[in-house]
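Read the structure below first, then the notes.
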Amino acid sequence: MSNGYEPSKIENEFYKICEERKYFEVDGNKAIQEEGKNFSIMMPPPNVTGRLHIGHALTFTLQDIITRYKRMDGYKTLWQPGTDHAGIATQNVVEKQLLAEGTTKEELGREKFLERAWAWKEESAGIMTDQLRKMGVTPAWERERFTMDAGLQKSVKEAFVHLYNEGLIIRGNYMVNWCTHDGALSDIEVEHEDHNGKFYHIKYPFADGSGFVEVATTRPETYFGDTAVMVHPDDERYKDLIGKKIRLPLLQREVAIIADTHVDMDFGTGVVKVTPAHDQNDYEIGKRHDLEFITVFDEKGILNDYAEEFKGLERLEARDIIVKRLDEEGFMVKIEDHKHPVGHCYRCKNIVEPYISRQWFVRKEVANKSIEKTNNGEAQFFPPHWINSYNSWMGELRDWCISRQLWWGHQIPVFYCDDCDHEFASKDEAPSACPKCASKNITQDPDVLDTWFSSALWPFSTLGWGNGDVEMDKLFQSDDMKDFYPNTLLITGFDILFFWVARMMMMGEKFNGQLPFNHIYLHALVRDEKGDKMSKSKGNVIDPLDMINKYSADILRFTLAISAAQGRDIRMSQEKLELNRNFTNKLYNASKYLQMNVDTFPDMKGFCIETDLGRYMVSRLNLATKEVRAALDEYKFNDAATVMYRFLWNEFCDWGIELSKADKGSIVELGAIFKEAMKLLHPFMPFITEYLYHELSGTSLETSDSIMISSYPSKTKQRKEEKKFEIIMDAIVSIRRAKVLVDLANQKIEKAFVKIDGISDKDKEMMLPVSARLAKVTQVEFTEIKVENAVSDIAEKCETFIPTDSIDLSSIISKLTKQDEKLQKEVDKLNGMLNNERFVANAPEDVLVKNREALSDASSKQTKVKEQLTSLKN
RNA sequence: GCUCGAUUAACUCAGUGGUAGAGUGCUUCCAUGACAUGGAAGAAGUCAUUGGUUCAAGUCCAAUAUUGAGCACCA
């Protein structure tokens with residue numbers, strides 16, 4: 001072990017071996033699988049052309065920890081990997097590439113463009129999954145899927161056609177969110193952000209020439225589509241104007257002044273232009289008042305004939321030109337600064353327009369049963385408060401716009417007959433004839449589905465649902481749906497609760513009659529050390545791959561896990577990584593110590609631990625095992641990691657190893673215990689634990705099984721030796737404290753006396769060499785009485801005396817006085833409680849017992865302190 | 001505006017009605033044969049504020065303040 005631990009080499013090698021041995025697959029742990037124990041978790045498919053970022057690192061680390069835990073705990077385990085075709089994102093990347101080559105997708109044509117997109121997908125797909133491998137994660141790679149692979153194309157069609165035939169997918173002309181670059185977007189794909197815009201006050205003259213009203217708008221370029229002007233019916237200022245006609249500025253078109261309570265009299269001028277084809281509210285008003293819907297620009301945002309002299313201009317570029325003309329013609333009253341929210345496309349950041357368009361929608365009723373079942377507790381959120389967000393979003397659910405004007409994606413499986421206009425949905429790739437008139441002239445809808453439509457099916461489409469016979473034998477086992485649906489757990493970020501989780505819930509329930517998950521764990525955001533969001537523009541991005549190179553995957557994983565408290569954002573910093581690097585260093589050195597003394601160590605299984613120290617450490621390991629399991633079962637990753645940090649460093653190293661220096665016979669046992677602890681830690685730090693385990697066993701991964709398919713520690717019983725060691729440790733600390741009093745803290749001293757009651761002679765005998773070694777005293781002696789001419793320390797379970805000629809009385813007196821004050825406080829508090837009749841009457845028995853004991857301990861300790869003080873003062 | 005969080009040691013954060021916890025940092029000391037990426041001892045708290053429930057509140061309830069997120073939104 002002398003040449004040190006080289007994480008990068010070990011991590012790559014070990015990963016490769018384990019993957020080749022198919023440990024990650026469903027039956028990778030066949031030898032330890034227990035009947036009826038199944039565990040399944042779906043990887044949220046990252047974008048196929050994406051790059052690993054710190055958020056991925058967190059989510060996949062947590063998923064891997066749970067998966068490895070379950071796999072070692074005897075579960076038949078499926079962690080389903082895959083990537084997402086990410087419609088808009090990927091198409092935009094390919095379009096940019098074309099642009100750089102001086103061409104466009106239109107020039108290329110749909111078929112060639114798709115070839116390009118597939119080629120790009122093939123080229124970059126491996127990058128993300130290779131980066132995942134660097135993290136040391138263990139999904140069942142042989143079952144890796146892509147949301148547009150042949151099988152999933154089938155299952156998407158299956159789902160679509162089913163919903164279509166039930167009338168739950170409909171096509172209609174509605175107002176949608178329109179990005180002039182990316183086309184229709186669903187409501188959640190629009191990000192609202194405050195803009196420092198302008199408020200343009202424009203004169204709208206009466207048609208009869210008798211004056212004007214002042215109308216305020218933030219989007220003057222839409223006024224060509226005005227089909228009314230609106231005031232509040234109760235507004236005294238404008239009451240008489242209702243019914244009057246307005247002639248729109250620069251145009252000959254006349255519109256009526258109508259009244260509607262939607263108007264806020266106190267905002268702006270109280271007069272509102274109504275543009276039903278370009279504003280969500282106006283759309284509703286237009287329908288209410290039976291107004292004309294005039295669309296003034298095309299799908300690319302280019303103004304049309306209605307804009308008359310401005311025809312051909314782009315909507316946003318036209319704004320200033322229009323305003324200038326209005327001003328020249330005397331229609332402009334004033335321009336104010338105005339802060340207001342503006343919707344942006346979540347992919348390209350373009351300003352989104354409300355736009356009337358014919359699109360496909362999934363009706364919101366699809367979700368009804370999933371909402372009901374979620375609230376009946378069929379699926380459980382971690383942390384639980386997320387159900388509130390889920391419910392509030394579900395409560396305001398609107399029809400989901402699923403058609404996208406893209407080429408990259410699942411083309412909508414609806415066909416139109418060119419001859420009889422019949423419309424039908426079909427699972428066939430290319431239906432040959434119209435089912436109504438048998439015409440062969442049929443055309444498929446050119447649009448594709450929202451990426452999230454295929455993602456919504458992920459928890460079951462990957463289990464073979466709707467896949468037909470595509471790669472049946474390779475990808476699936478016959479019982480997959482039975483074994484793995486509902487998925488045991490979903491781990492993902494709260495940022496895609498609506499995009500993805502809610503949609504999976506509705507689709508999963510709809511097609512399988514059961515919600516797709518038992519547990520849903522939503523993790524928080526990873527921020528920088530100051531608590532700021534990481535972003536490229538701020539330059540505060542921590543790249544997980546850099547951190548793996550600099551530290552190791554183990555250290556990155558452990559740091560993320562120990563920071564992952566439920567419901568709280570994670571502050572990531574190099575400092576934290578360094579602390580955990582120190583921890584791995586500690587583990588490495590502990591192994592080195594063990595091996596300096598003994599060459600190889602047995603496994604705990606079937607090995608009898610006989611020494612006092614061994615039995616004590618086993619007891620502590622058992623406690624740690626119990627706590628780690630409990631924490632993992634509740635997805636408290638931070639608690640589990642903290643328990644192991646504490647056990648391995650503060651208990652095993654600080655006490656176990658140190659005590660073993662006085663009892664070399666126990667070292668072989670400590671090694672066995674350490675090896676078991678490596679198994680406990682393995683899900684968090686898979687590589688160094690594997691390495692140390694084999695080092696200490698005298699084996700190697702190349703020639704023997706990995707601990708990742710060995711049984712997870714399960715013994716949780718505690719032993720009576722704990723009491724004994726509490727006393728020993730108390731005595732050692734007490735002697736060390738007493739030494740500080742005579743300024744001999746780290747020097748070896750000749751003699752110390754310890755006064756302990758209620759301990760057997762045999763235990764005393766065992767204590768002597770141990771305490772002498774750890775407290776650095778040549779000779780420790782027991783005493784029944786107080787030792788004169790000595791400094792002393794009063795601990796929980798004992799008193800210590802160090803004889804000395806030169807005692808600095810003042811420092812000792814001040815220490816004892818402080819101790820006395822503290823004890824007095826404690827005694828007072830406990831007395832107060834125990835003298836309170838109502839407390840004694842109401843508190844449970846165990847609390848009473850505990851408090852009585854605490855009181856008697858505290859007051860007997862205080863008595864000793866007081867005695868010391870008196871004798872010193874005399 | 002509505003909803004959901006957060007507020008605990010100098011810092012980062014745990015905390016499950018029953019005497020307030022960890023790591024880092026700080027103070028003092030130690031290069032002892034696993035480890036200075038280390039070891040020992042210690043100091044450090046009005047649990048944001050104010051009420052309430054309870055024998056008992058950091059923990060439950062209400063209000064306030066500060067702060068973060070999500071949703072909605074005024075042309």
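Every value quoted in this text rests on a predicted model; they were computed, and no experiment measured them. Residue numbers start from 1 in every chain, and the chains themselves are labelled A, B, ... in the order their sequence lines are given, proteins ahead of strands.
Between A:Lys829 and B:A56 there is no side-chain polar atom (N or O) within less than 4.0 angstrom of OP1 or OP2. Listed pair A:His338 / B:A75 meets the phosphate criterion, a side-chain N or O lying under 4.0 Å from OP1 or OP2. Between A:Arg838 and the phosphate of B:A56, there is no side-chain N or O to OP1/OP2 separation shorter than 4.0 Å. Side-chain nitrogen and oxygen atoms of A:Arg568 include at least one within less than 4.0 Å of the OP1 or OP2 phosphate oxygen of B:A14. In this structure, A:Lys661 reaches the B:A34 phosphate: one of its side-chain N or O atoms is under 4.0 Å from OP1 or OP2. Of the side-chain N and O atoms in A:Asn589, none sit less than 4.0 angstrom from OP1 or OP2 of B:U37. Side-chain N/O atoms of A:His340 include one lying less than 4.0 angstrom from OP1 or OP2 on B:A75. In this model, the phosphate group of B:G38 is approached by a side-chain N or O of A:Asn582 to a distance below 4.0 Å at OP1 or OP2. Contact annotation: A:Trp649 reaches the phosphate of B:G39 (side-chain N/O to OP1 or OP2, under 4.0 Å). Note on A:Arg737: a side-chain N or O is less than 4.0 Å away from OP1 or OP2 of B:G42.
On the P atoms, B:A6 is 12 Å away from B:A48, given to the nearest whole Å. When the C1' atom is used for both B:G52 and B:C2, the distance is 26 Å, rounded to whole Å.
At a cut-off of 3.5 angstrom, counting only N and O atoms as typed in the model, there is a donor on one side and an acceptor on the other between the side-chain of A:Glu826 and the base of B:U19. Judged by distance alone with a 3.5 Å cut-off, a donor-acceptor contact links the side chain of A:Glu658 to the base of B:A34. No hydrogens or angles were tested; on distance alone, nothing pairs the side chain of A:Lys592 with the base of B:C35 as donor and acceptor under 3.5 Å.
For B:G18, the paired base is B:C55 (Watson-Crick or G-U wobble, both distances below 3.5 Å). Searching all strands for a Watson-Crick or G-U wobble partner of B:A31 with both distances below 3.5 Å returns nothing. With a cut-off of 3.5 Å on both pairing distances, the Watson-Crick or G-U wobble partner of B:U49 is B:A63. Base pairing analysis places B:G42 opposite B:C26; the two distances defining the Watson-Crick or G-U wobble pair are each below 3.5 Å. Nucleotide B:U3: paired with B:A69 (Watson-Crick or G-U wobble, both distances less than 3.5 Å).
Between A:Arg646 and A:Glu627 there is a salt bridge, with a side-chain nitrogen of the basic residue lying less than 4.0 Å from a carboxylate oxygen of the acidic one.
Distances were taken from every side-chain heavy atom of A:Asp654 (C-beta onward) to each of B:C35, B:A75, B:G39; the shortest belongs to B:G39. Among the nucleotides B:A75, B:G23, B:U12, the one closest to any side-chain atom of A:Val272 is B:A75. The nucleotide whose nearest atom lies closest to any side-chain atom of A:Lys850 is, among B:A72, B:G68, B:G18, B:G18. Of the listed nucleotides (B:G38, B:C55, B:C4), B:C4 has the atom at the smallest distance from the side chain of A:His385.
A:Leu579 has its CG atom 14 Å from the C1' atom of B:G38, to the nearest Å. Taking atom NZ of residue A:Lys576 and atom C1' of nucleotide B:A14, one finds them 12 Å apart after rounding to whole Å. Residue A:Arg527 contributes atom CZ, which lies 19 Å from atom P of B:C11 at whole-angstrom precision. Between A:Ile570 atom CD1 and B:C11 atom P there is a gap of 21 Å when expressed in whole angstrom units. Remark: C1' of B:C74 and CD1 of A:Ile285 are 11 Å apart, rounded to the nearest angstrom. Rounded to whole angstrom, the span from the CD atom of A:Glu837 across to the C1' atom of B:C55 amounts to 11 Å.
Residue A:Lys533 holds its NZ atom at 8.0 Å from NZ of A:Lys538, rounded to the nearest 0.5 Å.
The residue among A:Ser389 and A:Glu529 whose nearest nucleotide of RNA chain B lies closer to the 5′ end is A:Ser389.
Looking only at atom types and distance, the side chain of A:Thr275 has a donor-acceptor partner in the side chain of A:Lys273 under 3.5 Å away. Remark: the A:Asn391 side chain and the A:Asn375 side chain contain an N/O donor-acceptor pair separated by less than 3.5 Å. In this structure, a donor-acceptor pair under 3.5 Å is present between the side chains of A:Gln824 and A:Asp828.
No more than 12 heavy atoms of other residues, nucleotides or ligands shown are found within 6.0 angstrom of CZ on A:Arg398.
Under the 30°/60° scheme for interplanar angles, the aromatic rings of A:Phe558 and A:Tyr645 are found to lie parallel.
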